[in-house]
Amino acid sequence: MTGRAAREREGLLSGVARAADAAQMLALAAEKLQRLVPHDAGVWRVTDPVNGMMTAPVHAENIDEAECAAYWQCELLDEQINLFRDLARAPLPVSGLWESAQGQPTRSALYYDFLRPRGMQDELRAVLRVGSTTHGYISLFRERGRTPFTAADSRFVGTLVTPLARRLRAFQLPLDRPAAPRADQPGLLLFDTEGSLVSVNEAALGYLNDLPDVPTTPSGLGYRIPVWIHSTAMQARAMARAGERGEARIRLRTTAGQWLICHASCLRSADGTLQSFAVVIEPAGLAEIMPLVAGAYEMSVRELEVTRCVARGMSTEAIARKLYLSPHTVRDHIKAAFEKVGVTSRGELVGKLFIEHCAPLAEGGADSGAVSGGD
(Lines give C-alpha, C1' and ligand atoms only; values in the text may rest on other atoms or scores of the structure.)
Protein backbone atom coordinates (compact mmCIF):
# COMPACT_ATOMS: atom_id res chain seq x y z
CA MET A 1 0.00 0.00 0.00
CA THR A 2 1.44 3.39 -0.99
CA GLY A 3 1.71 6.26 1.44
CA ARG A 4 -1.12 8.08 -0.33
CA ALA A 5 -3.37 5.02 -0.21
CA ALA A 6 -2.61 4.54 3.49
CA ARG A 7 -3.53 8.17 4.21
CA GLU A 8 -6.74 7.85 2.18
CA ARG A 9 -7.60 4.66 4.04
CA GLU A 10 -7.12 6.35 7.40
CA GLY A 11 -9.25 9.26 6.21
CA LEU A 12 -12.01 6.85 5.22
CA LEU A 13 -11.97 5.10 8.59
CA SER A 14 -11.79 8.42 10.44
CA GLY A 15 -14.84 9.63 8.54
CA VAL A 16 -16.97 6.58 9.24
CA ALA A 17 -16.00 6.74 12.92
CA ARG A 18 -17.79 10.11 13.08
CA ALA A 19 -20.91 8.94 11.23
CA ALA A 20 -24.15 9.46 13.15
CA ASP A 21 -25.83 6.30 11.88
CA ALA A 22 -25.34 3.34 9.56
CA ALA A 23 -26.85 5.10 6.53
CA GLN A 24 -24.46 8.04 6.86
CA MET A 25 -21.56 5.68 7.41
CA LEU A 26 -22.26 3.77 4.19
CA ALA A 27 -22.53 7.01 2.20
CA LEU A 28 -19.25 8.35 3.58
CA ALA A 29 -17.38 5.09 3.03
CA ALA A 30 -18.70 4.81 -0.52
CA GLU A 31 -17.57 8.34 -1.40
CA LYS A 32 -14.06 7.74 -0.06
CA LEU A 33 -13.65 4.30 -1.62
CA GLN A 34 -14.52 5.67 -5.06
CA ARG A 35 -11.15 7.47 -5.08
CA LEU A 36 -9.22 4.46 -3.79
CA VAL A 37 -10.82 1.71 -5.90
CA PRO A 38 -12.43 3.48 -8.88
CA HIS A 39 -15.76 2.01 -10.01
CA ASP A 40 -18.82 3.05 -11.98
CA ALA A 41 -21.60 1.87 -9.66
CA GLY A 42 -21.96 0.26 -6.27
CA VAL A 43 -24.32 -1.03 -3.61
CA TRP A 44 -23.59 -1.14 0.14
CA ARG A 45 -25.91 -3.21 2.31
CA VAL A 46 -26.26 -3.80 6.04
CA THR A 47 -26.97 -7.45 6.86
CA ASP A 48 -28.56 -9.33 9.72
CA PRO A 49 -25.60 -10.61 11.78
CA VAL A 50 -27.47 -13.80 12.66
CA ASN A 51 -28.05 -15.08 9.11
CA GLY A 52 -26.25 -12.71 6.73
CA MET A 53 -29.40 -11.62 4.90
CA MET A 54 -29.80 -8.09 3.56
CA THR A 55 -31.61 -5.64 5.82
CA ALA A 56 -31.70 -1.84 6.18
CA PRO A 57 -30.13 0.56 5.41
CA VAL A 58 -28.91 0.14 1.81
CA HIS A 59 -26.80 2.69 -0.07
CA ALA A 60 -26.76 2.61 -3.88
CA GLU A 61 -24.55 4.56 -6.31
CA ASN A 62 -25.47 4.92 -10.00
CA ILE A 63 -27.79 1.94 -9.87
CA ASP A 64 -31.56 2.28 -9.71
CA GLU A 65 -34.01 0.65 -7.37
CA ALA A 66 -35.30 -1.95 -9.82
CA GLU A 67 -31.73 -3.03 -10.53
CA CYS A 68 -31.07 -3.55 -6.80
CA ALA A 69 -34.00 -5.95 -6.62
CA ALA A 70 -32.97 -7.76 -9.83
CA TYR A 71 -29.43 -8.17 -8.54
CA TRP A 72 -30.55 -9.80 -5.31
CA GLN A 73 -32.98 -12.11 -7.10
CA CYS A 74 -30.12 -13.33 -9.27
CA GLU A 75 -27.94 -13.85 -6.19
CA LEU A 76 -30.57 -15.90 -4.37
CA LEU A 77 -32.04 -17.94 -7.19
CA ASP A 78 -29.53 -18.37 -10.01
CA GLU A 79 -25.91 -17.52 -9.20
CA GLN A 80 -23.37 -20.27 -8.41
CA ILE A 81 -20.05 -18.35 -8.55
CA ASN A 82 -18.60 -16.01 -5.91
CA LEU A 83 -21.69 -16.14 -3.68
CA PHE A 84 -21.75 -13.92 -0.60
CA ARG A 85 -22.42 -16.90 1.66
CA ASP A 86 -19.27 -18.62 0.36
CA LEU A 87 -17.19 -15.46 0.46
CA ALA A 88 -18.18 -14.93 4.11
CA ARG A 89 -16.21 -18.08 5.00
CA ALA A 90 -13.18 -17.34 2.83
CA PRO A 91 -9.81 -16.34 4.36
CA LEU A 92 -10.06 -13.05 2.40
CA PRO A 93 -13.75 -12.13 2.12
CA VAL A 94 -13.19 -10.03 -1.02
CA SER A 95 -13.14 -11.21 -4.62
CA GLY A 96 -13.77 -10.02 -8.17
CA LEU A 97 -16.07 -11.89 -10.53
CA TRP A 98 -13.43 -12.17 -13.28
CA GLU A 99 -10.96 -13.45 -10.73
CA SER A 100 -13.40 -16.04 -9.34
CA ALA A 101 -14.52 -17.15 -12.81
CA GLN A 102 -10.88 -17.44 -13.94
CA GLY A 103 -11.38 -14.95 -16.75
CA GLN A 104 -14.57 -16.60 -18.02
CA PRO A 105 -17.37 -14.44 -16.59
CA THR A 106 -20.00 -15.96 -18.88
CA ARG A 107 -20.00 -18.92 -16.48
CA SER A 108 -21.73 -16.59 -14.04
CA ALA A 109 -25.51 -16.09 -14.05
CA LEU A 110 -24.94 -12.66 -12.53
CA TYR A 111 -22.74 -11.64 -15.46
CA TYR A 112 -25.06 -13.10 -18.07
CA ASP A 113 -28.37 -11.86 -16.65
CA PHE A 114 -27.40 -8.71 -14.75
CA LEU A 115 -24.00 -7.22 -15.60
CA ARG A 116 -23.81 -7.67 -19.37
CA PRO A 117 -27.32 -6.29 -20.16
CA ARG A 118 -26.41 -3.17 -18.17
CA GLY A 119 -23.08 -2.56 -19.87
CA MET A 120 -21.00 -3.80 -16.93
CA GLN A 121 -18.26 -6.37 -17.06
CA ASP A 122 -16.95 -6.96 -13.54
CA GLU A 123 -18.01 -6.88 -9.92
CA LEU A 124 -15.83 -6.70 -6.82
CA ARG A 125 -17.75 -7.89 -3.78
CA ALA A 126 -16.76 -7.86 -0.12
CA VAL A 127 -18.24 -9.21 3.08
CA LEU A 128 -17.89 -6.90 6.08
CA ARG A 129 -17.32 -9.24 8.99
CA VAL A 130 -15.93 -9.46 12.51
CA GLY A 131 -14.65 -12.98 13.08
CA SER A 132 -17.29 -15.23 11.55
CA THR A 133 -20.15 -12.72 11.95
CA THR A 134 -21.30 -10.79 8.88
CA HIS A 135 -22.49 -7.19 9.22
CA GLY A 136 -22.61 -5.96 5.62
CA TYR A 137 -21.99 -6.56 1.91
CA ILE A 138 -20.34 -4.34 -0.70
CA SER A 139 -20.72 -4.65 -4.48
CA LEU A 140 -18.60 -2.45 -6.78
CA PHE A 141 -19.13 -2.53 -10.56
CA ARG A 142 -16.99 -1.58 -13.54
CA GLU A 143 -18.37 -0.93 -16.99
CA ARG A 144 -17.41 -2.79 -20.13
CA GLY A 145 -14.08 -1.62 -21.57
CA ARG A 146 -12.48 -0.91 -18.20
CA THR A 147 -9.82 -3.08 -16.59
CA PRO A 148 -11.33 -5.76 -14.35
CA PHE A 149 -10.71 -5.49 -10.63
CA THR A 150 -7.29 -6.75 -9.64
CA ALA A 151 -5.97 -8.88 -6.79
CA ALA A 152 -4.45 -5.67 -5.41
CA ASP A 153 -7.93 -4.10 -5.33
CA SER A 154 -9.19 -7.11 -3.39
CA ARG A 155 -6.33 -6.94 -0.89
CA PHE A 156 -6.87 -3.24 -0.28
CA VAL A 157 -10.62 -3.62 0.28
CA GLY A 158 -9.75 -6.56 2.50
CA THR A 159 -8.00 -4.17 4.90
CA LEU A 160 -11.31 -2.35 5.39
CA VAL A 161 -13.76 -5.18 5.99
CA THR A 162 -13.18 -5.65 9.73
CA PRO A 163 -13.03 -1.97 10.82
CA LEU A 164 -16.12 -1.19 8.74
CA ALA A 165 -17.94 -4.20 10.20
CA ARG A 166 -17.00 -3.12 13.73
CA ARG A 167 -18.46 0.31 13.07
CA LEU A 168 -21.70 -1.17 11.71
CA ARG A 169 -21.88 -3.41 14.76
CA ALA A 170 -21.62 -0.39 17.05
CA PHE A 171 -24.85 1.03 15.60
CA GLN A 172 -26.72 -1.81 17.29
CA LEU A 173 -26.22 -0.08 20.66
CA PRO A 174 -29.01 2.00 22.27
CA LEU A 175 -29.59 5.40 20.70
CA ASP A 176 -28.75 8.58 22.60
CA ARG A 177 -32.39 9.63 22.72
CA PRO A 178 -35.59 8.33 24.31
CA ALA A 179 -36.96 5.18 22.74
CA ALA A 180 -40.04 5.61 20.59
CA PRO A 181 -43.32 4.02 21.71
CA ARG A 182 -43.47 0.44 20.48
CA ALA A 183 -46.23 -0.56 18.12
CA ASP A 184 -47.68 -3.94 18.98
CA GLN A 185 -49.80 -4.86 15.97
CA PRO A 186 -48.17 -7.09 13.31
CA GLY A 187 -47.90 -5.74 9.81
CA LEU A 188 -48.80 -8.11 6.95
CA LEU A 189 -47.84 -7.98 3.27
CA LEU A 190 -49.01 -10.68 0.86
CA PHE A 191 -47.14 -11.36 -2.40
CA ASP A 192 -47.99 -13.67 -5.28
CA THR A 193 -45.51 -16.25 -6.58
CA GLU A 194 -44.01 -13.68 -8.98
CA GLY A 195 -43.21 -11.27 -6.16
CA SER A 196 -46.02 -8.77 -6.81
CA LEU A 197 -47.74 -7.25 -3.79
CA VAL A 198 -51.35 -8.45 -3.53
CA SER A 199 -52.43 -6.81 -0.27
CA VAL A 200 -51.08 -4.96 2.77
CA ASN A 201 -52.56 -3.94 6.10
CA GLU A 202 -52.37 -0.55 7.81
CA ALA A 203 -49.91 -1.72 10.46
CA ALA A 204 -47.40 -2.72 7.78
CA LEU A 205 -47.61 0.72 6.16
CA GLY A 206 -46.96 2.28 9.55
CA TYR A 207 -43.81 0.22 10.05
CA LEU A 208 -42.56 1.01 6.55
CA ASN A 209 -42.92 4.74 7.18
CA ASP A 210 -40.60 4.46 10.19
CA LEU A 211 -37.74 2.68 8.41
CA PRO A 212 -34.51 4.14 7.00
CA ASP A 213 -34.55 5.22 3.37
CA VAL A 214 -33.55 2.32 1.13
CA PRO A 215 -34.02 1.45 -2.54
CA THR A 216 -37.62 0.40 -3.20
CA THR A 217 -39.59 -1.28 -5.94
CA PRO A 218 -43.12 -0.47 -7.18
CA SER A 219 -45.75 -2.82 -5.80
CA GLY A 220 -48.60 -2.51 -8.28
CA LEU A 221 -50.81 -1.18 -5.47
CA GLY A 222 -49.21 2.25 -5.46
CA TYR A 223 -46.82 1.55 -2.58
CA ARG A 224 -43.03 1.49 -2.74
CA ILE A 225 -41.70 -1.68 -1.11
CA PRO A 226 -38.13 -1.76 0.34
CA VAL A 227 -35.80 -4.16 -1.45
CA TRP A 228 -35.05 -5.96 1.81
CA ILE A 229 -38.69 -7.07 2.01
CA HIS A 230 -38.44 -8.54 -1.48
CA SER A 231 -35.09 -10.12 -0.64
CA THR A 232 -36.55 -11.79 2.46
CA ALA A 233 -39.48 -13.15 0.46
CA MET A 234 -37.11 -14.35 -2.28
CA GLN A 235 -34.98 -16.09 0.32
CA ALA A 236 -38.07 -17.98 1.50
CA ARG A 237 -38.85 -18.83 -2.12
CA ALA A 238 -35.30 -20.04 -2.77
CA MET A 239 -35.43 -22.29 0.29
CA ALA A 240 -38.77 -23.72 -0.83
CA ARG A 241 -37.34 -24.44 -4.28
CA ALA A 242 -34.42 -26.24 -2.66
CA GLY A 243 -36.83 -28.51 -0.79
CA GLU A 244 -36.29 -26.78 2.55
CA ARG A 245 -38.78 -25.08 4.80
CA GLY A 246 -39.77 -21.92 2.95
CA GLU A 247 -39.15 -19.36 5.66
CA ALA A 248 -36.71 -16.48 6.21
CA ARG A 249 -36.38 -13.74 8.80
CA ILE A 250 -34.30 -10.64 9.41
CA ARG A 251 -33.88 -8.13 12.21
CA LEU A 252 -33.82 -4.41 11.48
CA ARG A 253 -34.16 -1.10 13.26
CA THR A 254 -36.45 1.86 12.70
CA THR A 255 -35.11 5.39 12.58
CA ALA A 256 -36.43 5.83 16.14
CA GLY A 257 -34.44 2.85 17.40
CA GLN A 258 -37.17 0.21 17.63
CA TRP A 259 -36.09 -3.31 16.68
CA LEU A 260 -38.36 -5.21 14.28
CA ILE A 261 -38.54 -8.72 12.88
CA CYS A 262 -39.44 -9.26 9.22
CA HIS A 263 -40.56 -12.86 8.72
CA ALA A 264 -41.37 -14.27 5.26
CA SER A 265 -43.04 -17.64 4.72
CA CYS A 266 -44.43 -19.61 1.80
CA LEU A 267 -48.16 -20.32 1.66
CA ARG A 268 -49.26 -23.53 -0.08
CA SER A 269 -52.53 -25.04 -1.22
CA ALA A 270 -53.85 -28.38 0.07
CA ASP A 271 -51.92 -30.25 -2.63
CA GLY A 272 -48.63 -28.52 -1.71
CA THR A 273 -48.55 -26.07 -4.62
CA LEU A 274 -46.89 -22.76 -3.79
CA GLN A 275 -49.55 -20.05 -3.91
CA SER A 276 -48.16 -16.92 -2.30
CA PHE A 277 -45.74 -15.41 0.23
CA ALA A 278 -46.66 -13.72 3.46
CA VAL A 279 -44.31 -11.18 5.07
CA VAL A 280 -45.03 -10.27 8.68
CA ILE A 281 -43.37 -7.26 10.38
CA GLU A 282 -43.62 -6.99 14.15
CA PRO A 283 -41.66 -5.82 17.21
CA ALA A 284 -38.67 -8.02 17.98
CA GLY A 285 -38.49 -9.85 21.28
CA LEU A 286 -35.50 -9.94 23.58
CA ALA A 287 -34.36 -13.32 22.30
CA GLU A 288 -34.02 -11.78 18.81
CA ILE A 289 -32.26 -8.61 19.93
CA MET A 290 -29.84 -9.62 22.64
CA PRO A 291 -27.29 -11.50 20.47
CA LEU A 292 -26.96 -8.32 18.37
CA VAL A 293 -26.61 -6.01 21.36
CA ALA A 294 -24.15 -8.33 23.11
CA GLY A 295 -22.08 -8.46 19.94
CA ALA A 296 -22.02 -4.67 19.76
CA TYR A 297 -20.61 -4.57 23.29
CA GLU A 298 -18.20 -7.40 22.36
CA MET A 299 -19.63 -9.62 25.08
CA SER A 300 -18.90 -13.33 24.94
CA VAL A 301 -21.64 -15.95 24.71
CA ARG A 302 -21.05 -16.90 28.35
CA GLU A 303 -21.17 -13.27 29.50
CA LEU A 304 -24.53 -12.90 27.77
CA GLU A 305 -25.82 -16.08 29.43
CA VAL A 306 -24.81 -14.76 32.84
CA THR A 307 -26.36 -11.37 32.10
CA ARG A 308 -29.66 -12.99 31.12
CA CYS A 309 -29.67 -14.70 34.52
CA VAL A 310 -28.91 -11.40 36.24
CA ALA A 311 -31.90 -9.87 34.43
CA ARG A 312 -34.09 -12.60 35.93
CA GLY A 313 -32.98 -11.55 39.41
CA MET A 314 -30.88 -14.65 40.07
CA SER A 315 -28.15 -14.57 42.71
CA THR A 316 -24.54 -15.46 41.96
CA GLU A 317 -24.97 -18.89 43.55
CA ALA A 318 -28.14 -19.60 41.57
CA ILE A 319 -26.43 -18.58 38.31
CA ALA A 320 -23.48 -20.81 39.14
CA ARG A 321 -25.78 -23.81 39.71
CA LYS A 322 -27.77 -23.15 36.53
CA LEU A 323 -24.72 -22.73 34.26
CA TYR A 324 -22.48 -25.28 36.04
CA LEU A 325 -19.90 -22.64 36.91
CA SER A 326 -18.16 -21.68 40.11
CA PRO A 327 -19.43 -18.54 41.91
CA HIS A 328 -15.99 -17.00 41.36
CA THR A 329 -16.29 -17.52 37.59
CA VAL A 330 -19.78 -16.01 37.58
CA ARG A 331 -18.45 -12.91 39.37
CA ASP A 332 -15.66 -12.65 36.79
CA HIS A 333 -18.20 -12.75 33.95
CA ILE A 334 -20.36 -10.11 35.62
CA LYS A 335 -17.34 -7.89 36.17
CA ALA A 336 -16.33 -8.28 32.50
CA ALA A 337 -19.88 -7.39 31.43
CA PHE A 338 -19.80 -4.28 33.65
CA GLU A 339 -16.55 -3.12 32.02
CA LYS A 340 -17.73 -3.72 28.45
CA VAL A 341 -21.10 -2.04 28.91
CA GLY A 342 -19.68 0.77 31.07
CA VAL A 343 -21.80 0.27 34.20
CA THR A 344 -21.08 -0.44 37.87
CA SER A 345 -24.14 -2.31 39.13
CA ARG A 346 -26.45 -5.14 38.15
CA GLY A 347 -29.38 -2.77 37.87
CA GLU A 348 -27.47 -0.52 35.46
CA LEU A 349 -26.39 -3.56 33.43
CA VAL A 350 -29.95 -4.79 32.98
CA GLY A 351 -31.23 -1.29 32.26
CA LYS A 352 -28.58 -0.66 29.62
CA LEU A 353 -28.88 -3.99 27.84
CA PHE A 354 -32.58 -4.71 28.13
CA ILE A 355 -34.75 -1.76 29.06
CA GLU A 356 -33.15 0.72 26.67
CA HIS A 357 -33.84 -1.67 23.80
CA CYS A 358 -37.24 -2.99 24.88
CA ALA A 359 -39.30 -0.45 26.81
CA PRO A 360 -42.13 -2.92 27.63
CA LEU A 361 -39.67 -5.10 29.55
CA ALA A 362 -40.39 -3.13 32.70
CA GLU A 363 -44.09 -3.91 32.24
CA GLY A 364 -43.62 -7.66 32.56
CA GLY A 365 -41.43 -9.05 29.75
CA ALA A 366 -40.02 -12.57 29.93
CA ASP A 367 -36.77 -11.41 31.48
CA SER A 368 -38.20 -8.65 33.65
CA GLY A 369 -37.81 -10.26 37.04
CA ALA A 370 -36.56 -8.22 39.97
CA VAL A 371 -32.85 -7.54 39.74
CA SER A 372 -30.88 -8.83 42.67
CA GLY A 373 -28.43 -6.32 44.00
CA GLY A 374 -26.29 -8.74 45.93
CA ASP A 375 -24.39 -11.95 45.40
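In this text, all values refer to a predicted model and were calculated from it rather than measured experimentally. Positions are given from 1 along the sequence.
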Quick check against the 3.5 Å criterion: does [X] have a side-chain atom that pairs as donor or acceptor with the backbone of [Y]?
X: S231; Y: W228; value: yes
X: Q235; Y: E247; value: no
X: T47; Y: G136; value: yes
X: E67; Y: D64; value: yes
X: T273; Y: S269; value: no
X: D192; Y: Q275; value: no

Can you establish whether the number of heavy atoms outside [X] located under 6.0 Å from its atom [atom1] is more than 12?
X: R224; atom1: CZ; result: yes
X: R268; atom1: CZ; result: yes
X: Y112; atom1: OH; result: no

I want to check something: taking the side chain as every heavy atom from C-beta on, are [X] and [Y] in contact at a cut-off of under 4.5 Å?
X: P148; Y: R142; result: no
X: V130; Y: H135; result: yes
X: L325; Y: I319; result: no
X: Y297; Y: V341; result: yes
X: L188; Y: V279; result: no
X: R9; Y: L12; result: no
X: F156; Y: L33; result: yes
X: W44; Y: V58; result: no

Ionic contact status for [Y] with [X], cut-off 4.0 Å:
X: D48; Y: R251; answer: yes
X: E298; Y: R166; answer: yes
X: K322; Y: E305; answer: no

Looking only at heavy atoms, which two atoms of [X] and [Y] are closest? And how far apart?
X: V16; Y: A29; value: CG1-CB, 3.8 Å
X: R346; Y: M314; value: NH1-O, 3.2 Å
X: A88; Y: T134; value: CB-OG1, 3.8 Å
X: A17; Y: R167; value: O-NH2, 3.2 Å
X: P327; Y: A320; value: N-CB, 3.9 Å
X: R129; Y: L87; value: NH1-O, 3.9 Å

Any side-chain donor near an acceptor of the partner, [X] and [Y], under 3.5 Å:
X: R155; Y: T159; answer: no
X: E348; Y: T344; answer: yes
X: D153; Y: T150; answer: yes
X: D210; Y: T254; answer: no
X: R169; Y: T133; answer: no
X: S139; Y: E123; answer: yes

>> Does the plane of the ring in F84 sit parallel, tilted or perpendicular to the ring in Y137? Use 30° and 60° as the thresholds.
In response: parallel
> Stepwise, does the salt bridge (Lys or Arg N to Asp or Glu O under 4.0 Å) test hold for R118 with E143?
Replying inline: CA-CA 8 Å; R118 291 165 175 80; E143 294 178 348; over 6 Å; no
>> My understanding is that only residues two or more places apart in sequence, or in another chain, count here; which of them pass side-chain contact (heavy atoms from CB on, under 4.5 Å) with N209?
In response: none
To the closest 0.5 Å, what do you measure between [atom1] ([X]) and [atom2] ([Y])?
X: S108; Y: D113; atom1: OG; atom2: CG; answer: 8.5 Å
X: H333; Y: S300; atom1: NE2; atom2: OG; answer: 6.0 Å
X: N82; Y: Y111; atom1: CG; atom2: OH; answer: 15.0 Å
X: I63; Y: D40; atom1: CD1; atom2: CG; answer: 11.5 Å
X: L164; Y: L13; atom1: CG; atom2: CG; answer: 6.0 Å
X: L267; Y: L190; atom1: CG; atom2: CG; answer: 6.5 Å

> Between R321 and Y324, is NZ or CZ placed under 6.0 angstrom from the six-membered ring centre and within 45° of the ring axis?
Replying inline: no
I'd like to know if [Y] and [X] are part of one continuous hydrophobic network [Ile/Leu/Val/Met/Phe/Trp/Tyr, side-chain heavy atoms within less than 4.5 Å].
X: L168; Y: L28; answer: no
X: I261; Y: F171; answer: no
X: W98; Y: L140; answer: no
X: V157; Y: L92; answer: yes
X: V343; Y: I334; answer: yes

>> Let's go through Y71 and F141 carefully: what are the C-alpha distance in whole Å and the side-chain angles of both, what is the deciding distance for side-chain contact (heavy atoms from CB on, under 4.5 Å) to 0.1 Å, and is it a yes or a no?
In response: CA-CA 12 Å; Y71 174 96; F141 304 102; 3.7 Å; yes
> Would K32 and E10 satisfy salt bridge (Lys or Arg N to Asp or Glu O under 4.0 Å), going step by step from the backbone distance to the final call?
Replying inline: CA-CA 10 Å; K32 293 284 189 179; E10 290 307 309; over 6 Å; no
> Looking at H230 versus F191, is the centre-to-centre ring distance below 6.0 Å?
Replying inline: yes
>> Could you walk me through whether L97 and L115 satisfy the side-chain contact (heavy atoms from CB on, under 4.5 Å) test, starting with their C-alpha distance in whole Å, then the side-chain angles of each, then the deciding distance to 0.1 Å, before giving a yes or no?
In response: CA-CA 11 Å; L97 178 60; L115 296 180; 3.5 Å; yes
> Does the pair S154 and E99 meet the rule for a side-chain contact (heavy atoms from CB on, under 4.5 Å), with working shown?
Replying inline: CA-CA 10 Å; S154 295; E99 180 183 5; 3.6 Å; yes
> Which residues pass the ring-ring contact (aromatic ring centres under 6.0 Å, His included) test with F277, sequence neighbours left out?
Replying inline: none
> Hey, mind stepping through E303 and K340 against salt bridge (Lys or Arg N to Asp or Glu O under 4.0 Å) and telling me if it holds?
Replying inline: CA-CA 10 Å; E303 289 162 1; K340 291 178 179 180; 2.9 Å; yes
> Do V227 and I229 pass the side-chain contact (heavy atoms from CB on, under 4.5 Å) test, and can you show the C-alpha distance, the side-chain angles, and the key distance before you say yes or no?
Replying inline: CA-CA 5 Å; V227 292; I229 286 187; over 6 Å; no
